[in-house]
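Atom set for the values below is all heavy atoms of this structure, side chains included, hydrogens, waters and symmetry mates excluded. Below, chain A is the first sequence line, B the second, and so on; all start at residue 1.
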There are 2 protein chains.
Amino acid sequence: MSGAIPSTRDRIVSAAAKLFYREGIRAVSVDAVAEKAGITKRTLYYHFESKDDLIAAYLSMRDNPNLAQFQNWFSKAEGDVADKVQGVFLALAQAARHPRWKGCGFLRTAAELANMPGHPAIKAGVAHKKRVEDWFTDVLENADVGDQARQLARQLILLLDGALTVVLLQRDPSYMETAGQAARLLIRMSLPKPEDRCLS
Amino acid sequence: MSGAIPSTRDRIVSAAAKLFYREGIRAVSVDAVAEKAGITKRTLYYHFESKDDLIAAYLSMRDNPNLAQFQNWFSKAEGDVADKVQGVFLALAQAARHPRWKGCGFLRTAAELANMPGHPAIKAGVAHKKRVEDWFTDVLENADVGDQARQLARQLILLLDGALTVVLLQRDPSYMETAGQAARLLIRMSLPKPEDRCLS
DNA sequence: TTGTGTATATTCACTGGTCGGTATACTTTC
DNA sequence: GAAAGTATACCGACCAGTGAATATACACAA
């Protein structure tokens, strides 16, 4: 699948993605990206105006795959909407156990570029998180949570980004599971009760 | 209060704190810190082994004040424990509206140094967050949440760090208030019901 | 088919400046 | 005089970004 040999530009972005995600934005030099992509720095600057431009391209490229991963985890989980959202957190907990996992590239970049609120990379991060929140909202609206869908989706985003951040710092993926339980509880509270179903 | 002219070392750490928090760790050079502290770089290296050492000192210095701020906000809020925890989030929402607010220095440093798990600055961050979580646990244990105190405290940490992160990215402090509502709900669910008190 | 013009893509070599860290010597304080 | 603290000047490595020349590809005319 996905034939077509990657363009030079794509190879640059994908080399940048690996290095930026692994080591951080400012820790990676343009020279390092060029070398990893197997081209010269001058060629990189032919395809991108600046390092900032490259950073933005790196995050924009992660938008769709990241969201699709969440949707995939959701669709594969069993149960009602609360269980399925919890399933996303559980899958994330597994992902976080991979030794090369380093949290969320969008959030880490926002942290590193906190001093540049208008930076295109940060705008890409905002757009991505909004798409995830909108997707959560859709999912919840289709599940009878009344008019709470948007507010609930915001709570899920808070738990999700909180978990990504906490686990990155503490290196304890069990926080991801705690977040999943909290998410399920909050959703269940807004769900119409099928008879006597209570907690747990 | 707090008389005693600050030592050279203190002035260095406090200059570093301002710059590191404002612009990020890697974006700030040792030269910049030395200049801000009004000393030469050689003097800085007399007091600190390395830049990494200085970073760790910056975060260690923030541990107590940060926790004390949370405790202060909590103690000033009215109502039961759920309301008071919510008060912390509301106060934080106000703080986040300050133009120079840049999120949580511990989390931002963890994001920037994600590739160095053993870094002393990250250890300082883990220790700080553990102290906050332990304090939450104490507060909840004193409030009859049964054996849920630790788990609830972890959920509060997730919401707190989530809010700090989301608001840093999105620049929308209302997420802090959403987190506060979620926190209050989660606590209320574990609280013994005083007769008929419901939500809201 | 061959030659040529043009836009795209790439390379090598380089710039001015900054980085973390240091060698050495001077000054202050006890 | 000894120890602690500070200053000047410097190091080699690396940084983001650039100038000028070159290579490749394809369009179109002879």
Side-chain angles (χ1 to χ4, degrees), chain A residues 4-59 61 108-109 112-116 118-122, chain B residues 4-61 108-109 112-116 118-122 124:
Chain A
I5 49 173
S7 70
T8 299
R9 192 190 154 96
D10 288 345
R11 278 190 298 119
I12 295 171
V13 176
S14 123
K18 277 178 199 149
L19 293 175
F20 285 156
Y21 180 73
R22 187 194 305 160
E23 303 177 30
I25 301 292
R26 290 200 145 105
V28 171
S29 71
V30 175
D31 298 79
V33 174
E35 189 187 343
K36 178 112 182 165
I39 50 138
T40 64
K41 184 163 54 167
R42 198 65 185 84
T43 299
L44 189 153
Y45 275 100
Y46 175 82
H47 291 278
F48 298 92
E49 269 206 348
S50 63
K51 186 180 181 181
D52 286 334
D53 191 19
L54 179 60
I55 300 165
Y58 144 53
L59 286 184
M61 190 220 211
R108 278 177 55 211
T109 303
E112 205 164 344
L113 305 184
N115 208 19
M116 317 176 68
H119 195 290
I122 292 188
Chain B
I5 48 175
S7 68
T8 298
R9 190 190 158 97
D10 288 345
R11 278 190 296 119
I12 295 171
V13 176
S14 123
K18 277 179 200 150
L19 292 176
F20 285 155
Y21 180 74
R22 186 194 306 160
E23 304 177 31
I25 300 293
R26 290 200 145 105
V28 170
S29 70
V30 175
D31 299 77
V33 174
E35 188 186 344
K36 178 110 181 167
I39 50 136
T40 64
K41 186 162 53 165
R42 192 64 188 87
T43 299
L44 188 153
Y45 274 101
Y46 175 82
H47 291 279
F48 299 91
E49 270 205 349
S50 63
K51 186 180 182 181
D52 286 334
D53 190 18
L54 179 59
I55 299 164
Y58 145 53
L59 286 183
S60 300
M61 189 219 211
R108 280 177 54 211
T109 303
E112 205 165 343
L113 305 183
N115 208 20
M116 318 176 67
H119 194 290
I122 293 188

Within a reach of under 6.0 Å around CD of Glu35(A), are more than 12 heavy atoms found that belong to other residues, nucleotides or ligands? no
When the nearest nucleotide of DNA chain C is assigned to Asp31(A) and to Leu44(A) on a heavy-atom basis, which residue is associated with the more 5' position? Leu44(A)
Could you tell me how far apart [X] ([atom1]) and [N] ([atom2]) are, to the nearest whole angstrom?
{"X": "Ile12(A)", "N": "dG17(D)", "atom1": "CD1", "atom2": "C1'", "value": "15 Å"}
{"X": "Tyr45(A)", "N": "dT11(C)", "atom1": "OH", "atom2": "C1'", "value": "16 Å"}
{"X": "Phe48(B)", "N": "dT6(D)", "atom1": "CZ", "atom2": "C1'", "value": "15 Å"}
{"X": "Ile39(A)", "N": "dT10(C)", "atom1": "CD1", "atom2": "P", "value": "8 Å"}
{"X": "Arg9(A)", "N": "dT8(C)", "atom1": "CZ", "atom2": "C1'", "value": "14 Å"}
{"X": "Glu49(A)", "N": "dT18(D)", "atom1": "CD", "atom2": "P", "value": "9 Å"}
{"X": "Lys51(B)", "N": "dT18(C)", "atom1": "NZ", "atom2": "P", "value": "15 Å"}

Polar side-chain contact Arg42(A)-dG19(D) base: donor and acceptor under 3.5 Å: yes
May I ask you to verify whether the side chain of Lys41(A) and the base of dG17(D) hold a donor-acceptor pair under 3.5 Å? yes
So, does [X] get its side chain near the phosphate of [N], meaning an N or O under 4.0 Å from OP1 or OP2?
{"X": "Thr8(B)", "N": "dT6(D)", "value": "yes"}
{"X": "His47(B)", "N": "dT6(D)", "value": "yes"}
{"X": "Thr43(B)", "N": "dA7(D)", "value": "yes"}
{"X": "Tyr46(B)", "N": "dT6(D)", "value": "no"}
{"X": "Ser50(A)", "N": "dG17(D)", "value": "no"}

Ignoring hydrogens and angles, tell me if any N or O in the side chain of Arg22(A) forms a donor-acceptor pair with the backbone of Asn115(B) under 3.5 Å. no
For a 4.5 angstrom cut-off between non-hydrogen side-chain atoms, does Phe20(A) reach Thr109(A)? no
Do Tyr45(A) and Arg42(A) make a side-chain contact, defined as non-hydrogen atoms from C-beta onward lying under 4.5 Å apart? yes
Distance in Å, Leu113(B) CG paired with Ile122(B) CD1, rounded so as to fall on 0.5 Å steps: 5.0 Å
Pick base, sugar-phosphate or nothing for Val28(A), based on heavy-atom distances below 4.0 Å to the nucleic acid. sugar-phosphate
What contact category does Ser29(A) fall into here, base, sugar-phosphate, or nothing, at under 4.0 angstrom with non-hydrogen atoms? sugar-phosphate
